[in-house]
Each structure stands twice: as structure tokens, then as C-alpha cells.
Amino acid sequence: MRGKLKKGFTLVELLILAAILTVLAAILVPSYMEARIRSNLSRAGADMRSLATAIEAYKVDNKYYPTLVAPTSPLARTGAGPINGPSVLEPGVSEAISSRFVWITTPVAYISSVMRDSFIDPSKKFALSPTGDLISYLDTYNYIDAYTLTPLGRLGGTRGAAFTSGAQWHIVSSGPDKKDCYGGGAANYHGYMIESYGCDYDPTNGIISAGDIVRVGGGSGPLFTLLPSYDRILNKKNTPHGSP
């Protein structure tokens with residue numbers, strides 16, 4: 001007996017299926033992206049807490065915070081040249097922020113390893129500038145201490161806590177927009193008008209919104225004529241260009 005012919009999908013049925021899949025994708029993709037961002041937020045928070053603990057432990061032992069001049073940098077080794085050493089995370093990259101954390105990983109391991117900023121796109125390897133360009137040295141959370149930028153510090157000058165959100169030090173994650181606005185540092189930092197890009201990430205503005213995630217420590221840092229755009233110690237936003 002001849003078997004029955006198998007019936008295929010009609011064009012109408014295929015169109016209905018495509019419509020259903022489109023609706024499901026429209027629902028599920030944003031949910032997946034939001035879940036991923038929330039996961040990265042949790043990881044960034046945990047990473048920054050671990051780094052903060054290590055930085056404070058270093059301070060207890062050494063009486064000062066790790067300088068932003070990396071121990072592997074040309075400046076530290078020869079007394080001249082760039083302040084960053086080779087990347088801890090990206091072989092072949094000669095200057096990167098991750099080298100600043102060598103202070104807390106060796107010879108005393110205050111933290112076991114350097115973590116990559118959870119919001120840095122692995123395919124791009126670096127954070128973006130406020131204007132969306134790759135920052136070729138920013139391969140992880142941005143760490144700066146204020147003392148190094150004072151007259152008595154390694155780099156001298158009067159910038160101090162203008163670059164560290166008013167604190168002794170800060171750590172910055174680029175946040176969901178993947179743009180590093182330098183954590184509320186002075187408005188003229190690297191020539192960027194930081195305030196015009198917005199430096200504080202706030203999930204109430206939408207889980208995918210602009211802004212940096214910043215952790216400060218050590219209390220109030222030394223301030224001179226230049227002020228931070230966002231002073232997290234005094235909990236206030238200063239006027240453009242860091243002026244009072």
C-alpha cells in the first residue's frame with residue numbers, strides 16, 4: 001500500500017512562523033542583553049572591591065598608596081619616559097594601565113591577578129574615549145592616585161585629587177557604554193570636555209546608559225587650583241573646566 005505523502009509547510013504557515021520568531025527575538029534579545037549587563041555590573045563591583053582591598057592593604061604595609069607610575073614603566077626603571085609599562089593582559093602592548101596594578105601583585109600578592117574591566121569588549125581589547133575612539137593603553141580598570149600628581153609626588157604638579165574625583169585614589173570602569181570619561185577627573189583631562197559626556201553611570205537612566213562606574217578611597221585628596229568635574233568626597237559637580 002502506497003504511503004501517504006508528507007505534507008510540507010504552506011507559505012502562510014512559514015510567514016506566521018517567521019513572525020512568531022521575530023516577536024520572540026524582539027522580546028528575548030533585549031532581555032539577554034540586560035541580563036549580560038547586570039552580570040557585568042556585578043562583576044565590576046566585585047573586581048573593584050577586591051582591588052580597593054588590595055590597595056588599602058598595600059597602604060598599610062608601605063605607608064602610601066601605589067603610585068600610578070607602573071614599576072615596569074620606563075619612568076620607574078630609567079627615570080625618564082612613559083609612566084605605563086607593558087600590558088599584563090595583552091602581550092605585545094608596550095604601555096597599558098594594567099601595569100599600574102603590578103604594585104599590588106608582586107613581589108607581595110595583595111591580589112592574585114589583574115582583572116580586565118568587565119565592560120571592555122574582548123574583541124577590541126581596550127576601552128573607548130569619550131568620543132568613541134579606542135584608548136590604546138586602557139586595557140583594564142583605570143587607577144590613579146592623587147599624591148603622585150602633587151608637587152611632592154613622582155610626577156609633580158598641582159593636579160592632585162582633581163584627577164581622582166576628589167579622593168586619595170580612584171578606580172574607574174568604563175561602564176555599559178564602554179567609554180572611559182576618566183571617572184570625573186578634571187574637565188580638561190586629556191583635552192576632553194568630560195562634563196559634556198557625563199561621568200556617573202546611573203541604572204535608573206536605563207540599564208544601557210552612559211557614564212563611568214567609579215570607586216574612590218583614602219578619603220579627601222590634595223586639591224589645588226584645578227578641581228575634579230565630579231567631587232565624590234564633597235558629593236558635588238563642579239563647573240566646566242574644573243573651576244569653582
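Everything quoted here is computed from the prediction, not taken from an experiment.
How far OG of Ser136 is from CD of Glu95: 8.0 Å, rounded to the nearest 0.5 Å. Summarising the geometry, atom CD1 belonging to Ile233 is positioned 8.5 Å from atom CD belonging to Gln168; distances are rounded to the nearest 0.5 Å. Atom OG1 in Thr67 sits 9.0 Å away from atom CZ in Arg100 (nearest 0.5 Å).
A donor and an acceptor atom, one from each side chain of Asp47 and Tyr141, are located under 3.5 Å apart. Checked by atom type, the side-chain pair Asp61/Tyr110 shows a donor-acceptor distance below 3.5 Å. For the residue pair Ser165/His170, the side-chain donor-acceptor check at 3.5 Å is satisfied.
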### Message
Does Arg36 form a side chain to side chain contact (heavy atoms under 4.5 Å, CB included) with Leu41? I'd like the steps, not just the answer.
### Response
CA-CA 9 Å; Arg36 185 174 179 181; Leu41 286 170; over 6 Å; no
### Query
Please walk me through it: do Tyr230 and Asp200 pass side chain to side chain contact (heavy atoms under 4.5 Å, CB included)?
CA-CA 8 Å; Tyr230 292 81; Asp200 291 312; 2.9 Å; yes
### Message
Applying side chain to side chain donor-acceptor pair (under 3.5 Å) to Asp139 and Ser87, what does each step give before you reach the verdict?
### Response
CA-CA 8 Å; Asp139 58 346; Ser87 172; 2.6 Å; yes
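The number of heavy atoms from other shown groups lying within 6.0 Å of NZ (Lys125) does not exceed 12.
By the 30° and 60° cut-offs, the orientation of the rings of Tyr64 relative to Tyr58 is perpendicular.
Summarising the geometry of Pro228 relative to Gly184, their closest heavy-atom pair is CB-O, 3.6 Å, with the distance given to 0.1 Å.
Taking 4.0 Å as the cut-off between side-chain N and carboxylate O, Asp117 and Arg43 do not count as a salt-bridged pair.
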